Each structure stands twice: as structure tokens, then as C-alpha cells.
Amino acid sequence: MSDELQPIPDTEPIKDPGLPEHLYRPQDVDESQAKRTERQISWMFRVAGLLFIAFVVAYIAIDIDATFLGWSAQNFAFGVTLGGGMLLIGVGIIQWAKKLMGDHEMIEMRHPAASSDEDRVAVMEQINDGISESGFGRRPMIRNSLLGSMALLGLPAIVLLRDLGPLPHDQRKTVWAKGMRLVNDVTGTPIKPSDLQVGQLVNGEPAVVYETDDDGQPVLHGTELLQVKSKAAIIVVRMRPEDITPDKGKENWGIDGILCFSKICTHVGCPISLWEQQTHHLLCPCHQSTFDLGDNGKVIFGPAHRPLPQLPLGLDDEGYLIAMSDFPDIIAPSYPELARDQKKLDNKS
Amino acid sequence: MRKLSTRRRHPLAGFVVLLLALITVGGVYTAVAPKPATAQEATANDVEAGRELFLVGCASCHGKNATGIETQRGNNYGPSLIGVGAASVDFQVGTGRMPLAQSAPQAPDKKPEYDAEETRQLAAYIASLAPGPAIPDDEYTDLGKASTEDVREGGELFRANCTACHNSVGAGGALPGGKYAPSLKGVTPKHFAEAMITGPQQMPVFSDDVITPEDKRNIVAYVKQVQGQPNYGGLGGGGLGPVVDGLFTWIIGIGGLVIAAIWIGAHGARVKKRS
């Protein structure tokens with residue numbers, strides 16, 4: 001036995017089988033078959049045409065409120081006629097191409113994708129000629145002023161994009177303030193602790209959203225109202241007091257097991273109110289962040305990074321639930337400067 | 001009259017007058033005072049019949065006195081039913097959720113085990129143990145009285161309070177740990193109202209003080225209206241939303257088209273020889 005490899009023989013070990021024999025279609029060998037196929041395809045196109053006319057008839061004739069199997073009858077007819085007609089045209093064209101059009105087998109051999117060396121040299125010569133003729137290297141004043149103005153073209157873009165919206169750290173405050181009543185969303189009714197049972201959930205808003213001025217007009221309206229509502233939305237829940245483990249300093253933020261949290265997820269700001277009354281878990285439907293409202297809104301699952309901000313509660317003279325301050329923690333999604341802003345907010349209070 | 005006036009200073013006269021006054025007031029109160037809905041219907045016989053049904057069908061989990069059974073670890077084997085009221089029994093038994101078929105993350109609704117009469121008796125028994133929410137009356141369930149404005153407001157309330165879990169057309173949705181918010185299709189207005197009042201399983205309570213009986217009626221009227229609308233967009237697919245629709249379109253729809261195109265390219269009749 002020697003370590004040397006056997007030289008590869010010139011002839012291939014398995015013979016190149018070549019190309020398979022060309023097989024003909026029935027339509028190629030039998031003219032009557034071809035005629036039949038031609039008739040079939042023609043009928044498909046004719047029926048398609050009739051269906052398009054039927055579409056117009058359905059548009060005029062079928063009542064817009066009529067239903068068919070629980071669907072709108074007119075929409076159903078539109079789908080059947082227009083969809084059916086286009087399907088028949090498509091099937092007909094494919095049949096035509098596959099059965100009747102020319103049946104040549106084409107073979108294209110592989111070859112390198114790059115251009116030839118002569119072409120490449122010629123192109124580079126042209127480019128270099130262009131550079132020297134334009135004087136790009138020879139006249140630096142023109143070149144540099146052009147580059148400078150192009151760079152400044154970026155400024156309008158920056159200004160326009162900067163103006164698209166306020167920066168997040170201007171938005172850390174909400175309308176909540178000491179004495180602001182909590183009201184039920186939509187109906188605007190203020191809430192007393194006795195209205196709430198253990199296991200209750202209220203989707204709430206600050207009272208100012210439903211306040212009217214002397215003329216009976218809403219105090220807030222338009223964009224301002226929407227911004228206030230979207231930032232200040234809250235959920236109020238009631239649990240058994242023994243199920244709540246408040247953090248240090250938050251012991252008096254609830255009333256007999258009634259707690260109030262921001263409704264805006266701290267991940268990317270979806271409104272959350274999927275509250276499980278037995279586990280006290282609040283689930284965000286967007287990315288499954290889960291907060292434990294019995295444990296200070298702590299994140300127990302999902303991509304959210306900060307606990308859900310809690311609103312300290314109190315009672316006014318008439319016994320309605322009020323806020324004792326704005327949210328001490330910044331609400332809504334995190335942003336790069338959040339830690340700095342939170343520090344500023346803590347120093348102020 | 002003379003006899004009466006001569007005795008008006010009798011030492012017992014004061015007591016007699018007080019007694020008469022109490023009887024009058026008590027009698028008028030009994031005749032006029034409003035009664036809770038269950039008290040009107042439930043007789044002592046119903047309560048007794050309900051107790052017998054309870055002992056056979058429910059007591060193994062909820063305890064012989066409906067006070068619940070606590071496990072050694074401090075969890076509930078079956079929760080206490082004291083104070084849950086007739087509404088809770090009518091919902092849980094009337095929708096077939098109770099009796100529970102097996103221990104699972106959630107009790108599903110199924111064919112009720114008890115008929116309407118037996119459900120009423122069970123509800124009467126539980127309601128007799130402690131005061132609790134009664135079975136909702138017409139105020140909650142008479143959807144015919146809801147005007148177009150009412151239905152619109154019911155829609156706003158539904159979107160604020162219910163869509164997070166139950167989906168914007170009440171198709172239901174998933175919750176963590178195998179739990180789910182069930183579909184609201186085909187739920188009777190009475191069971192709707194009972195679920196909002198009592199908060200079954202993980203569902204929070206929506207008390208009458210915050211969401212009034214009229215609000216509840218409007219919410220139900222809205223859901224019924226939305227679910228009764230013809231579907232203008234073809235197959236609704238359960239209204240589960242754009243993610244599910246997109247997944248279906250990309251994988252089944254576009255995938256199916258690709259497979260069809262490959263099939264068309266690969267097939268076609270061929271014969272051996274030209275004649």
C-alpha cells in the first residue's frame with residue numbers, strides 16, 4: 001500500500017447522460033386535440049366576460065342591505081363575479097401558454113458574470129478622463145464650496161424632523177394634581193370607596209376631562225383633550241388590604257385596598273386594563289408585559305422595564321376619591337433621559 | 001268614648017298607645033317596603049330544595065355549609081359561597097361553568113347540568129345564607145328600551161372597559177397561564193349582567209354604582225348590535241385582529257399561491273412520440 005493518491009483518470013467515471021429526449025404535448029401530435037383545447041380556452045374567456053357583465057348587474061340590482069349567509073349579498077356577488085372572471089382569464093392564459101404556444105426547450109450555459117478585462121479598463125479610463133476634465137482636483141475652491149453647501153442641506157431636514165413632536169422629557173407631567181377627582185371613563189361619574197367591591201376594576205380619567213365652563217362648554221377640547229386623556233388615563237382596582245404589600249413610603253397611597261395606577265404601559269405605551277382579579281396581575285396585550293398590582297405594579301414578566309406608576313389616593317370633603325399629587329414616577333414608555341428627569345422630579349418634591 | 005277618655009291617664013295607657021303605633025307602622029312598612037328580587041320569588045321550600053341539591057352536587061368542594069374548603073397549604077379547594085348572591089349562582093350554574101368537570105386553569109362554559117328550576121332553587125339557597133347581588137331584572141336586560149344614543153354610549157363603555165380582554169367585537173382573547181376571556185357570542189343579556197355584577201373567575205367586578213344598570217344594558221345592546229351586523233368584509237375569521245389576519249394571509253394565502261405556481265410549472269400532459 002502506498003500513501004500516494006491514484007491520479008484522476010481523464011474520462012469521467014459516470015458517462016454524461018446528455019439531455020433527455022424531447023417529449024411532445026398531445027396538442028402537438030393531434031390537431032383535433034389542439035382544436036378542442038382552443039375551444040376550451042375560448043369558452044373560459046367568454047364566461048369571464050359574462051361574469052363581468054353580471055358584476056354590473058349585481059351592482060345595480062342587489063339591495064345594499066340584503067344579506068346572504070350572514071355576508072352582504074352585494075359584496076358576495078361582487079366577489080364571485082369579479083374574482084371568478086379574473087380567475088377564468090388567468091386559467092385560460094396559462095392553458096394557452098402551456099398547451100398551444102410554441103414549445104421550445106431553451107438551454108443557456110453558465111458563464112462568468114464579470115465583464116471582460118478590456119471593458120473594465122475602458123470604463124476606468126473614461127472615469128479618470130472625466131475627473132481630470134472637470135477640474136475636480138485642480139479647482140479646490142469650487143469643490144469645497146459645493147461640498148459645504150451639500151453638508152448644510154442636512155440642516156433643513158434636522159429642523160423639520162426636530163419639529164415633528166415634543167421631546168419626551170417635556171411630557172413627564174400629567175394633569176393630575178392634589179385634589180383632582182377620579183371619575184369613571186365615558187360617563188364621568190366621580191367614585192366613592194363604597195362604590196367599589198373587592199375585585200372591582202374602574203377605567204378612569206381625571207375629572208378635568210369632563211369639566212365644563214360657565215357656558216356649558218368643555219374646558220378641554222380638540223388635540224389638548226386627547227393629549228390629556230391619553231397621558232392621564234388610570235385604572236382603579238380594589239383588592240383585599242391583606243393582599244397588598246406596599247413599598248416603604250407607599251403605605252398610605254391606597255384607601256382600604258383601593259389602588260390607582262397609570263393605564264399606560266411603561267414598555268411602549270399601550271393602554272392596559274387586562275386585570276385578573278384573583279391573581280392581581282395586569283397584562284399588556286401588546287407585548288405581554290405583566291405587572292403585579294398587589295406588589296406596587298412590579299414587572300413580573302415581559303419586556304417592560306419599570307414598574308407601573310402609582311397615583312397616591314385620598315378623599316375629599318364629600319368622600320370622593322381624589323389624587324394627592326401628580327404621578328411621583330414618570331408615566332409611559334422609557335426614553336434615554338428618563339433617569340435624569342426622574343432625579344429632577346424627585347428633588348422638586 | 002267616655003270610657004276611653006277616663007282611662008287615658010292609666011299607667012298602662014302609654015304602653016298601649018306605643019304598641020298600637022308600632023303595629024301600624026310595622027304593618028304599613030311590610031305592605032309598602034320594596035323587597036329584593038330573590039326574596040319575592042324564593043319560598044322556604046325553594047331554599048330547602050336548593051339545600052338538598054347543594055349537598056349532593058356542590059358540597060364536596062364548597063363544604064356542607066357553603067363556607068368553602070381550605071387546603072392545608074391555605075389555598076381554596078372550593079371557595080366560600082357566603083355572600084356571593086343569587087346572581088353568581090345563576091351565572092355559574094346557568095352557563096354550565098359549575099359544577100366543574102375537572103381542575104383546570106379556567107372553568108369553561110358547557111351544557112348546564114341543572115335545569116332552570118333547579119338553578120333557581122340553588123340560587124335561592126345560596127341567597128338565603130347571606131345578602132348578595134340578586135338576579136338582574138328587566139332594568140338590565142330589556143334591550144328593546146335602548147335607543148340609538150344608548151347603544152352608542154354602550155359602545156364607548158364597552159371599548160373603555162371590556163375590549164382589552166374580550167376584543168372589540170366580543171370575540172374573546174387569551175390571558176396568561178392557559179386562562180382566557182371567553183367569546184361573548186350568544187351570551188344572554190341576563191348572564192352578561194350577572195358576569196359584570198359578580199366578576200366570575202378572573203374577570204373584575206363592574207359594580208352598579210360605577211357602571212349603572214342602564215349602562216350595563218347599553219353595553220349588552222351594543223355587543224348584540226355589533227354581532228348582529230352582516231359581515232361586509234367577507235370571512236371575519238373571528239375578528240381576532242390584524243396579527244392573526246396577517247399570519248393567515250402570509251402563510252396560508254401567499255404560501256398557497258407559491259405552491260400553486262410550482263404545481264402549474266411542473267405539470268402538463270406529454271406524449272412519447274410525434275405521429
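Values in this document were obtained by computation on a predicted structure and should not be read as measured data. Below, chain A is the first sequence line, B the second, and so on; all start at residue 1. Heavy atoms only: backbone and side chains are in, while hydrogens, waters and symmetry mates are out.
Salt bridge annotation for B/Asp209-A/Lys192: absent, with no cationic side-chain nitrogen under 4.0 angstrom from a carboxylate oxygen. Ion pairing of A/Asp195 with A/Arg238 is absent here, as no side-chain N (NZ or NE/NH1/NH2) approaches a carboxylate O to less than 4.0 Å. A salt bridge links A/Asp316 to A/Arg181: one of the charged nitrogens lies within less than 4.0 Å of a carboxylate oxygen.
Atom NZ of A/Lys298 is surrounded by 12 or fewer heavy atoms from other residues, nucleotides or ligands within 6.0 Å.
Judged purely by distance below 3.5 Å, without hydrogens or angles, the side chains of A/Asn203 and B/Asn161 pair a donor atom with an acceptor atom. In the model, B/Ser207 has a side-chain atom that pairs as donor or acceptor with a side-chain atom of A/Gln200 under 3.5 Å.
For a heavy-atom cut-off of 4.5 Å, chain A lies close to B/Glu153, B/Glu156, B/Leu157 in residues 148-157 of chain B.
Between chain B and the residues A/Val183, A/Val186, A/Ile94, the most heavy-atom pairs under 4.5 angstrom are made by A/Val186. Residue with the most contacts toward chain B among A/Thr279, A/Val237, A/Leu69: A/Thr279 (heavy-atom pairs, distance under 4.5 Å). Listed options A/Thr187, A/Ile235, A/Leu196 were ranked by heavy-atom pairs under 4.5 angstrom with chain B; first place goes to A/Thr187. Comparing A/Lys98, A/Gln278, A/Lys263 by heavy-atom pairs within less than 4.5 Å of chain B, the highest count is held by A/Gln278. Ranked by non-hydrogen atom pairs under 4.5 Å with chain B, the options A/Leu201, A/Thr290, A/Val202 are led by A/Leu201.
A/Asn184 contributes atom CG, which lies 4.5 Å from atom CD1 of B/Ile211 (distance to the nearest 0.5 angstrom).
Between A/Phe76 and A/Phe68, the ring-plane angle classifies as tilted under the 30° and 60° cut-offs.
With a 4.5 angstrom heavy-atom cutoff, B/Asp215 touches chain A only via side-chain atoms. Only the side chain of A/Thr189 comes within less than 4.5 Å of a heavy atom of chain B; its backbone N, CA, C and O stay farther away.
The backbone N or O of B/Trp263 sits less than 3.5 Å from a side-chain atom of B/His267, completing a donor-acceptor pair.
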